[in-house]
Every structure is written in C-alpha cells, then in structure tokens.
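Accompanying notes for the structure given below.
Atom set for the values below is all heavy atoms of this structure, side chains included, hydrogens, waters and symmetry mates excluded. Here, residue 1 is the first one in the sequence, and each next residue gets the next number. All ligand and atom numbering here is 1-based and tracks the order in the structure.
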Amino acid sequence: MATGHSAGVFDALYPLVRAGLFCLDPEVAHHLSLAALRLAERSGVLRLACPADELLAPVEVLGLRFPNRVGLAAGMDKAGDTIDALGRLGFGCIEIGTFTPRAQPGNPKPRVFRLVEHEAIINRMGFNNAGIAAGVANARRARTYQGVVGFNIGKNKDTPNEDAAADYLACLRQAYPVADYIAVNLSSPNTPGLRELQSPAACARLLDTLQREQEQLTAAHGKRVPLLFKVAPDLDDAHIRDLAAVFLAGGLDGLIATNTTLDRAAVANHPRATEAGGLSGRPEFHKSTAVLQAFASHLGGRIPIIGVGGISSLEDAQAKLRAGATLVQVYTAFIYQGPGLIRQLARGLAAANPPTMPPQEL
Ligand SMILES: Cc1cc2nc3c(=O)[nH]c(=O)nc-3n(C[C@H](O)[C@H](O)[C@H](O)COP(=O)(O)O)c2cc1C
C-alpha cells in the first residue's frame, strides 16, 4: 500500500540523486531525470512512492479546479511528455512548453548554467521544442494526471514581431481542445525581441486578437479555455501600471508573474553571472515578488495571478500569496530540493489557506 513513509524515503534519497545529477551537464541531467521519472511511472514505482490523494486541497481559480496551489512552471516539461510522472510528485498544475508553431532547436549549447551557491540557474534555451503539434499529441497521451494542464505558447525565432500574432494564433488553435489554460509567453529573454511584445500597445493588440479567436474556439469546442499572459520581472512601475490597465480594459483571464530576470545584481560576483540568459531561483525572489505585488495592487483582485519566481520555501510561497497570487509555480528550487519541496509547499499552503472546494468534487 502507498504510504507517506515511502515518499519520505524517496525524499531522503534526493540529496544523493542530486549529487549524481550535478556531476552532469545541466541539460543532460534534465533529460536523464525526466526519462527516469517516466520509467518510474510506467513501472509503478512512482505510484507506490507518492500517494495521490495526500495533497488534495482543491481551489477554484480561472473557472478550473486546481487540486492544490502548487504548479510546475513552464520549461521543465517542454515536450509535454512527462505529465503523468510529474503529476505523481504532487503538482496541482503542470504548465508544458513553451511551444512554437514549428519545431526549432533553440540556442547553441551550453545554454543552461547552475549557480549552486545561490540555488539559481541561468538559461538561454531559446524555445527549443518539437512544435505545438507534437506537444498536443504528447499531452493527449497523459492518462492518470488529475490536475490542471496549461499550454505555454510562443513564437518561432525566425518569425518577425509584426507576424508574432499569427504564431500565437496557430498555437492557440492547436492547443485549445487539449489545454486547461493557455499561457501566452511574452517574457522569455532568449528569443530576440520577444519582450517588445510587452509594450502596452502591442499587448493590447495581441490580447484583442487572441480573445477574438478564443471566442470562436469556445463556440467550436463547447469549452472556454482561459488565456493568461506571462510577464517578465524586468518592468518598471510605469510599465506595470500601463500593462495592468491594458489587462483590465481587455478582460484578460489571468496573469503569470514572472519569468526569469536579466538582472544580475543578486549574483554579481558569481563567475557565471555574466552568462547571457534569464536568471531564476532564489536570487530572483525579491524582484519577482515586487513585480507581482505591483501588478496585484493595480489589478485589485480582478484578475487572478499565478506567482512564480524564486520560491524555495513555504515562507516564500506564502509571501507570493500575500503579495497577491492565488496560485504559485516552481521550477529552479524543485531541481535543487527535489520532490519533497512540492509536498511541503502543497501541504503548508493548504494548512494556511483552507481549500475552497471539498476534495470529493475533483
Ligand atoms: C531551464 C529553464 C527553462 C525555462 N523555460 C521556460 C519556457 O520555455 N517558457 C517559460 O515561460 N518559462 C520558462 N522558464 C521560466 C520558468 O517557467 C519560471 O518562470 C522561472 O524559472 C522562475 O521560477 P523559478 O525561480 O521557480 O525557477 C524556464 C526556466 C528555466 C530554469
């Protein structure tokens, strides 16, 4: 029978597993870990180690039932082929992608760097992915996961910004029948020019275009899939205020704050600090949370926010909720601390913020 004890053994082993993985190149370690998780899922080991019902503390947000408040941020399951296995670890939500319309290789390697002393990562992956059609096919193969699956979508590197809307539309149309929500990624620092789509005028245009399509797709598929925009933490107060006004005027369904940062102040003396790309993990927490808080104060609770960026403890996750988030996501601290962190966050948030739905309604 599945017990919390077996999960405990699993967690106790993680420092050893991590020591092995950290001897490898970060991307090799990434692929190996996901392959091992898929194998453990297929063989039934994960089911034994991770009791599924233990982390039920359902909340209703965006018209969706989230089994708990802790999600996996985009970029770990870039292909959407590890949903069931990752789901066993307790995530209430898994955001897959980023997907672009066409497959693309991403930037030259190496393109991921660990800053171990800071529990941080710098990455400049550049939307390496097999394309939205492959992502949809993979997600359709998920069988056991009961949580929320978000599709994170972007544009191909060789698509000029003037044509970006067509890329997002292509991804939206294909993901729509399978997705629980769509995250529109405007904030990766690794696709040249992408963040320019965060200008208030460009955002307003894109939101309008995507919402028109969303309306048609709602009618065609008989379900309404919420649209969320994922923003960068590198925005000043005036920019945040203007964007919030655009989101409120347009009736955006939800916001994901934030992506990785270009700011290196918190890791200034680290030998890897000058690597190009986005910084994630602990050193991003304060900046990311300040931006979340600024958005929340402008949005006044009218648009739900998923808080992500630098969460590495229950205290951090609680701080995101206090700053105005309803749900949280993690990525980097999951790599550093392992699956025990997910259970710790899900349980801790459930205890401090009672579920808004009875478990049996899931
Ligand atoms: C290696 C790596 C790849 C990522 N890829 C994506 C991506 O494809 N799309 C995206 O929206 N965010 C991506 N992110 C950003 C995360 O989703 C998240 O917003 C960011 O890492 C901050 O959270 P964290 O501090 O918990 O890692 C990536 C992050 C890392 C570390």
Side-chain angles (χ1 to χ4, degrees), residues 25-31 33-34 70-80 91 93-100 104 106-107 109-115 118-130 132 135 150-155 157 168 171 181-191 194-195 197-198 228-234 255-263 266-267 272 275 277-289 291-292 305-313 316-317 320 325 327-337 341-342 345:
D25 165 78
E27 249 190 279
V28 173
H30 175 90
H31 289 299
S33 309
L34 291 192
V70 184
L72 177 63
M76 177 161 291
D77 191 359
K78 273 195 188 275
F91 291 108
C93 166
I94 296 174
E95 193 171 304
I96 60 175
T98 297
F99 299 108
T100 54
Q104 63 179 28
N107 290 323
K109 296 176 184 174
R111 52 193 180 179
V112 188
F113 308 91
R114 300 184 191 102
L115 288 71
H118 296 283
E119 273 201 24
I121 289 175
I122 291 175
N123 94 83
R124 50 169 179 270
M125 301 289 275
F127 291 170
N128 54 309
N129 78 111
I132 185 67
F151 273 68
N152 184 303
I153 61 173
K155 76 167 191 73
K157 184 179 179 182
Y168 287 104
C171 291
Y181 73 79
I182 306 277
V184 179
N185 187 353
L186 304 170
S187 47
S188 167
N190 303 316
T191 294
L194 190 82
R195 286 184 171 193
L197 297 173
Q198 289 184 131
L228 289 80
F229 276 15
K230 183 168 179 180
V231 293
D234 306 310
L255 185 69
I256 304 177
T258 67
N259 212 312
T260 55
T261 182
L262 291 170
D263 194 334
V267 295
R272 289 291 190 197
E275 291 289 353
L279 173 72
S280 60
R282 258 185 195 171
E284 197 201 355
F285 178 77
H286 289 293
K287 181 161 200 175
S288 175
T289 307
V291 168
L292 158 63
I305 307 177
I306 300 179
V308 50
I311 295 176
S312 66
S313 66
D316 294 343
K320 293 278 188 199
L327 303 165
V328 298
Q329 292 179 338
V330 283
Y331 186 143
T332 304
F334 173 49
I335 293 176
Y336 280 95
Q337 298 182 38
L341 175 70
I342 308 313
L345 297 182

Ligand 1 atoms in contact with [X] (distance to a heavy atom under 4.0 Å):
X	result
Glu284	22 (C), 25 (O)
Asn185	9 (N), 10 (C), 11 (O)
Lys230	10 (C), 11 (O), 12 (N), 15 (C), 16 (C), 17 (O), 18 (C), 19 (O)
Gly310	24 (P), 25 (O), 26 (O)
Asn152	10 (C), 11 (O)
Val330	26 (O)
Thr260	15 (C), 20 (C), 21 (O)
Val308	18 (C), 19 (O), 22 (C), 23 (O)

Below 4.0 Å, non-hydrogen atoms only: which portion of [X] touches ligand 1? Side chain, backbone, both or neither.
X	answer
Asn123	side chain
Lys78	side chain
Thr258	backbone

What do you reckon, is NE2 of His286 surrounded by more than 12 foreign heavy atoms closer than 6.0 Å?
->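 No, NE2 of His286 has 12 or fewer neighbouring heavy atoms, counting only those of other groups under 6.0 Å.
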Nearest neighbour in protein (non-hydrogen) for [atom]:
atom	value
atom 7 (C) of ligand 1	Thr98 OG1, 3.4 Å
atom 15 (C) of ligand 1	Asn259 OD1, 3.4 Å
atom 1 (C) of ligand 1	Tyr331 OH, 3.4 Å
atom 28 (C) of ligand 1	Ala74 O, 3.7 Å

According to the interplanar angle, ranging from 0 to 90°, do the rings of Phe91 and Phe334 count as parallel (below 30°), tilted (30 to 60°) or perpendicular (above 60°)?
->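 Perpendicular, since the angle between the ring planes exceeds 60°.
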